[in-house]
Amino acid sequence: MWPLGDPIARLKEHLIAIGAWDEARHAAMEAEVAEQVRAAAREAEQQGVLGDGLHQPLATMFEDVFEEMPWHLREQSAQMQAERDAAGL
Amino acid sequence: MIQAINAAIDLCMEADPDIVVMGEDVGFFGGVFKATAGLQQKYGRTRVFDTPINECGIIGVAVGMAAYGLRPVPEIQFADYIYPALDQIVSEAARLRYRSAGEFSAPITVRAPFGGGIFGGQTHSQSPEGIFTHVSGLKTVIPSTPYDAKGLLIAAIEDNDPVLFFEPKRIYNGPFDGHYDRPVTPWTQHAGSEVPDGRYVIPLGKAAIVREGNDLTILAYGTMVHVATGVVAEGGIDAEIIDLRTLVPLDIEAIETSVRKTGRCIVVHEATRTSGFGAELAALVQERCFHSLEAPVMRVTGWDTPYPHSLEWAYFPGPVRLGEAIKRVLED
């Protein structure tokens with residue numbers, strides 16, 4: 001896709017060539033950024049991971065479809081709850 | 001009915017400076033059916049403007065404006081043209097509130113003339129309401145008289161959810177009982193043509209009992225309300241005719257009360273049969289009123305074909321087809 005190579009790698013080589021960057025600083029930066037991403041992921045996973053079960057109260061599934069919940073959504077929400085109760089969930 | 005629609009938009013625009021109208025030919029020309037006549041002159045070209053022939057863009061622009069606080073009333077010139085706008089309606093307007101947890105919403109009212117009986121052929125006669133009733137987050141409203149058109153349209157515009165407002169173009173100028181070879185009787189001769197000046201609202205989600213009866217429930221909307229009224233009168237049938245007015249949210253109580261009383265139910269709509277709104281009505285009626293039914297719920301609908309031109313009157317659910325269905329249901 002890039003006939004001249006990866007543009008980010010090329011920029012790094014260019015900055016090193018003009019004396020504005022070096023391999024040691026690059027390694028340190030990569031380690032710091034990787035830790036930032038890991039920390040952000042850990043914080044996000046505090047909210048729950050997808051396979052983990054339900055994260056929001058079940059009834060919220062029917063909220064905000066309309067400004068006010070019409071009868072058929074109230075009925076379906078109750079039906080969903082009844083189905084889960086019957087299944088012991 | 002055109003004047004009623006025009007009055008509704010005018011009243012709303014005067015009261016709320018955030019209301020804007022856009023569509024093909026709605027500004028300078030006042031709309032091909034004159035529904036928006038005079039509005040551009042009165043409110044200016046930033047509030048009432050013409051768009052290119054681009055239904056996707058018309059609704060896309062409306063959704064964007066709505067998300068930022070305006071209250072657009074876009075027009076789709078014929079419901080047959082609505083399909084390029086489907087993605088904007090279904091993927092954006094219908095879901096904006098849900099996926100933003102209420103932070104954004106799309107209080108748009110999409111007006112579109114719909115339905116046949118006007119010799120309009122495949123591209124000017126369709127009834128696509130069943131597509132939109134299937135999509136969560138949309139409301140679908142269909143008036144059958146000038147009085148209802150004004151009250152329902154004001155309610156739709158003031159509603160904070162996206163509303164599809166389908167106007168049965170066959171009855172713009174007068175009710176139609178299905179006898180296409182007779183002259184049009186204008187609205188002035190019909191009780192539903194009395195349209196008060198000033199603002200009044202017909203709440204969405206409420207049906208109207210057009211005729212009380214004991215032997216049969218007929219569920220209808222739009223032009224079919226008048227076809228049913230005509231057939232019932234001509235045949236001396238003691239049918240209860242319910243004009244649904246709003247398809248979603250549906251007035252389920254009115255339907256249940258009626259079918260439990262009569263024990264027989266016919267649904268009539270112009271839209272194609274398979275997966276038409278009649279299928280939903282039939283499902284609801286048999287789910288909720290099964291033990292009250294003396295006969296299966298019948299549907300009298302357009303056939304599962306594109307809307308025909310030269311064979312229109314064999315397709316249109318008119319007095320002959322509805323009359324036959326009524327006979328069969330009552331004899332069951």
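It should be emphasised that the depicted structure is a prediction, and the values quoted were computed from it without experimental measurement.
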Chain B neighbours within residues 76-83 of chain A, where any heavy atom lies under 4.5 Å away: none
Side chain A:Trp71, main chain B:Asp251, donor-acceptor under 3.5 Å: no
Treating B:Tyr98 as the side-chain partner and A:Phe62 as the backbone partner, does any N or O pair qualify as donor plus acceptor under 3.5 Å? no
Heavy atoms from other residues, nucleotides or ligands near [atom1] of [X] exceed 12 (cutoff 6.0 Å):
X: A:Glu68; atom1: CD; value: no
X: A:Leu89; atom1: CG; value: yes
X: A:Glu30; atom1: CD; value: yes
X: A:Glu43; atom1: CD; value: no

Top of B:Pro249, B:Ser100, B:Ala101 for chain A proximity - count of heavy-atom pairs under 4.5 angstrom: B:Ala101
Below 4.5 Å from any heavy atom of chain B, which atoms of A:Glu75 appear? Answer side chain, backbone, both or neither. side chain
Below 4.5 Å from any heavy atom of chain B, which atoms of A:Met69 appear? Answer side chain, backbone, both or neither.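 Neither the backbone nor the side chain of A:Met69 comes within 4.5 Å of chain B.
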Quick one: what part of B:Ser136 sits under 4.5 Å from any heavy atom of chain A, side chain, backbone, both or neither? both
Side chain, backbone, both or neither: which part of B:Leu138 has an atom under 4.5 Å from a heavy atom of chain A?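 For B:Leu138, the contact with chain A is made by the backbone alone.
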Between B:Arg97 and A:Glu67, which heavy-atom pair has the shortest distance, and what is it?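 Where B:Arg97 meets A:Glu67 most closely, the heavy atoms are NE-N, 3.5 Å.
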Proximity of residues 86-93 of chain B to chain A, residues having a non-hydrogen atom under 4.5 angstrom: none
For residues 155-163 of chain B, give me every residue with a non-hydrogen atom less than 4.5 Å from any non-hydrogen atom of chain A. B:Asn160, B:Asp161
Could you work out, with side chain to side chain donor-acceptor pair (under 3.5 Å) as the rule, every residue matching A:Glu23, not counting sequence neighbours?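 Expected list: A:Lys12.
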In Å and rounded to the nearest 0.5 Å, what is the CZ to CG distance from B:Arg95 to A:Asp64? 15.0 Å
